[in-house]
Amino acid sequence: MKKRQCWFIAGAMILLLFSWWGYAQNLDWIHMHGLVSQGYIVSTDNNYHMNTEDASVEFNEAAINFTAQLTPKLRTGLQLFSRDFGPNGNNDLFLDWGYLDYQWKDYLGLRMGKIKRPAGFYNTMRDIDALRTFVLLPQGVYDESMREFTMSVQGASLYGNLSLSFAGDLEYETYYGISNINPDMTFTQELFSTIANNMGRGMEKRLKAQEKIPVEAVLDPRVRNANNKMRHSEGISLVWNTPLHGLRLGTSRMLGRTEQSATFDFHFLMEGETVKQITTPFESSLKFKALDIFSCEFEWNNLTLAGEYMIMDGEVTVDGEVMQLIKEEAYYAQTSYRLFDWLKAGAYYSVYYPDSDDKKGENLTAPGQKDFMAWQKDICATLRFDLNEFWLVKCEAHLMDGAGQLSTILNPAGVERKWQLYTVKTSIIF
Amino acid sequence: MKKTILYILTGIVFFGAGFSLFAQQDIKVIVQKDMALTEIDRNTFQRIYLGKNKFWKDGSAIVAVHLRGGPAHEVFLKDFINRTDSKFRSYWNWIVFTGRGVPLRSFENEAELIQYVAETPGAIGYVSSETNTDNVKVISVN
């Protein structure tokens, strides 16, 4: 077990004992809550986020949080979190959020520490299964493979809520911070793989053309000393709770820059079955120029309607040169209805384009690429059963068209256009 | 004919208003006796229970408390908060699990809630209209 995990567990145990002592002493200023969830996920034809074709139970979360109102204006708290999501998470324990919060007035407060980033209406709650109808949030806007980029930062935020009297109220938050990103996450590995393949092809050409060396094939490069760090990230979120009860409109913008570094070992298969190794370090950066989300939600009694539109503009730079421009687009519309206290039904239609300038895949001409990798359309239907106040079960089906969000690492044999995904998940919250 | 329609519409409006007033009077909103507050507007009352208003006008902290269930709690949710019980719980779970606040204190019965409000500076709560509230001050919600 890593040293960091030991510290977290030790810290959690101390807080747990402290909370128990507080409970025993009837101290009502310290609060403890938690959740545990476990899912099962299976797909036809393609692997989605994990090895879903063979079915997977590497799909769980557990969290425990503590909050204390130290003075009327000063609050502190933290949440320890563990998740397994296929190759990501692996149930390592980490600090999900933890900060000091000084609220001067209702319209102005300051948080310092590790803070959740508001992006769209549902980013802050994406790990808390019990807070939503669906098992998977619409992946076009809330891509799980991008979670570590969008979830939280270590820094500070200014926030508040301003009453507009007859015009409703306005919630706002702006933040700035940095974060460490696990280099083992699928998204980073995909990025390294793309960069390595590009560099490998360049080297092969150079060996053949300039040095007249006969190369038969480029073998899979090995990645060592991988590092991924978010140098800075900032954002703003505005939510207008309109005077029409249940209707809220919002917009958020996220900016940032991450830097990656690693050492690649390239292996070239030469004539005569010999292998030539070339080792080269590289540095890259992924810059989010803007990740904008526009949101709308309407709640009326047991009915909820929602829709969001996301557009992301960014670029990948390798060794100082722009290698790839990113222009993603996604949107969805969803509805849910509580039929009984114990049963809620929901559905959504979600669309994602990895390149908003090529929605039909006309530019995907490289070997192994198919036009349907230019989109991913998802029709989802869910049933949520609330067995009691603390325990719930969800069953969900997805009809998919396209492979725009599928990992090439998880699907080395290629991808299919039409596929389905099914999942069952249960959660306990207290 | 026009007059008949006018009478019907007027009747509906007055019936609706009367029903609404009747429904609102099913609960009494209470604060500590020492507080100068005598009334509160409906918007502020709702904002308090959604964690958006945390301070009284004099800058002191608001301590909002609620019942865990029962007829008074149902009236409170339906007529003042405009949310179902599950949505109200879900909203507060979101606040708690994203670190945006501490949960509201809740009580199984009205006697305990009244006692807490009576003893706690800045506290606000509600009970059914028939309940004895001699130890606390009843304020109106406009």
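Just so it is clear: chains get the letters A, B, ... in the order the sequence lines come, proteins before strands, and each one is counted from 1. FYI, side chains are in, hydrogens and waters are out, and symmetry mates aren't considered; it's all heavy atoms of this structure.
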**OP:** Determine the interplanar angle of the A:His33 and A:His31 rings, folded into 0 to 90°, and report it as parallel if under 30°, tilted if 30 to 60°, perpendicular if over 60°.
**Re:** parallel
Original post:
Do NZ/NE/NH1/NH2 and the carboxylate oxygens of A:Lys114 and A:Asp96 come within less than 4.0 Å?
Top reply: no
Original post:
For B:Thr84, is it the side chain, the backbone, both or neither that has a heavy atom under 4.5 Å from a heavy atom of chain A?
Top reply: side chain
**OP:** Check each atom of A:Lys105 against the heavy atoms of chain B and say whether the ones under 4.5 Å are side chain, backbone, both or neither.
**Re:** backbone
**OP:** Pick one of side chain, backbone, both or neither for A:Tyr99, based on which atoms fall under 4.5 Å of a heavy atom in chain B.
**Re:** side chain
Original post:
Who among A:Ile128, A:Asp101, A:Asp169 has the most heavy-atom pairs with chain B under 4.5 Å?
Top reply: A:Asp169
Subject >> Which atoms of A:Ser163 approach chain B - backbone, side chain, both or neither, heavy atom under 4.5 Å >> reply: both
Original post:
Side chain, backbone, both or neither: which part of B:Asn43 has a heavy atom under 4.5 Å from chain A?
Top reply: side chain
Original post:
Hey, which of A:Arg338, A:Lys116, A:Gln79, A:Arg75 has the most heavy atom pairs under 4.5 Å with chain B?
Top reply: A:Arg75
Subject >> Ion pair check, B:Lys28 and B:Glu130, cut-off under 4.0 Å >> reply: no
**OP:** Please look at A:Glu171 and chain B and tell me whether the side chain, the backbone, both or neither of the residue comes under 4.5 angstrom of a heavy atom of that chain.
**Re:** side chain
**OP:** State whether a side-chain donor-acceptor pair under 3.5 Å links B:Ser128 with B:Glu110.
**Re:** yes
Subject >> Contact winner vs chain B - A:Ala63, A:Gly109, A:Pro72, heavy-atom pairs under 4.5 Å >> reply: A:Pro72
**OP:** Answer with side chain, backbone, both or neither: which region of B:Arg89 has an atom nearer than 4.5 Å to a non-hydrogen atom of chain A?
**Re:** side chain
Original post:
Which of residues 239-250 of chain A get closer than 4.5 angstrom to chain B, counting heavy atoms alone?
Top reply: A:Asn241, A:His245
Subject >> Contacts of B:Ser90 that satisfy side chain to side chain contact (heavy atoms under 4.5 Å, CB included) - sequence neighbours left out >> reply: A:Leu131
Subject >> Side chain, backbone, both or neither of A:Tyr122 within contact of chain B (heavy atoms, under 4.5 Å) >> reply: neither
Subject >> Axial cation check for A:Phe85 ring with A:Arg147, 6.0 Å and 45° limits >> reply: no
**OP:** Specify whether B:His73 and B:Tyr126 have parallel, tilted or perpendicular ring planes, treating 30° as the upper limit for parallel and 60° as the lower limit for perpendicular.
**Re:** parallel
**OP:** Might you work through the side-chain hydrogen bond (donor to acceptor under 3.5 Å, both in side chains) test for A:Ser295 and A:Glu308, ending with a clear yes or no?
**Re:** CA-CA 4 Å; A:Ser295 314; A:Glu308 294 193 295; 2.4 Å; yes
**OP:** Could you check which of A:Lys344, A:Met125, A:Glu299 has the highest count of heavy-atom pairs closer than 4.5 Å to chain B?
**Re:** A:Glu299
Original post:
Taking only residues two or more places apart in sequence or in another chain, which ones pass salt bridge (Lys or Arg N to Asp or Glu O under 4.0 Å) with A:Glu61?
Top reply: A:Lys425
Subject >> Residues of residues 56-66 of chain B with any heavy atom under 4.5 Å of a heavy atom in chain A >> reply: B:Ala61
Subject >> Per-residue contact mode, A:Leu35 against chain B (heavy atom under 4.5 angstrom) >> reply: both
Subject >> A:Arg111 portion near chain B, given a 4.5 angstrom heavy-atom threshold >> reply: side chain
Original post:
In terms of heavy-atom pairs under 4.5 Å with chain B, which of A:Asp106, A:Thr71, A:Thr67 leads?
Top reply: A:Asp106
Subject >> Residues A:Arg384 and A:Asp386 bridged, charged N to O under 4.0 Å >> reply: yes
**OP:** Tell me, yes or no, whether the heavy-atom count around A:Asp341 atom CG, taken from other residues, nucleotides or ligands under 6.0 Å, exceeds 12.
**Re:** no
Original post:
Do you know which of A:Gln103, A:Lys73, A:Gln69, A:Arg132 has the most heavy-atom pairs under 4.5 Å to chain B?
Top reply: A:Gln103
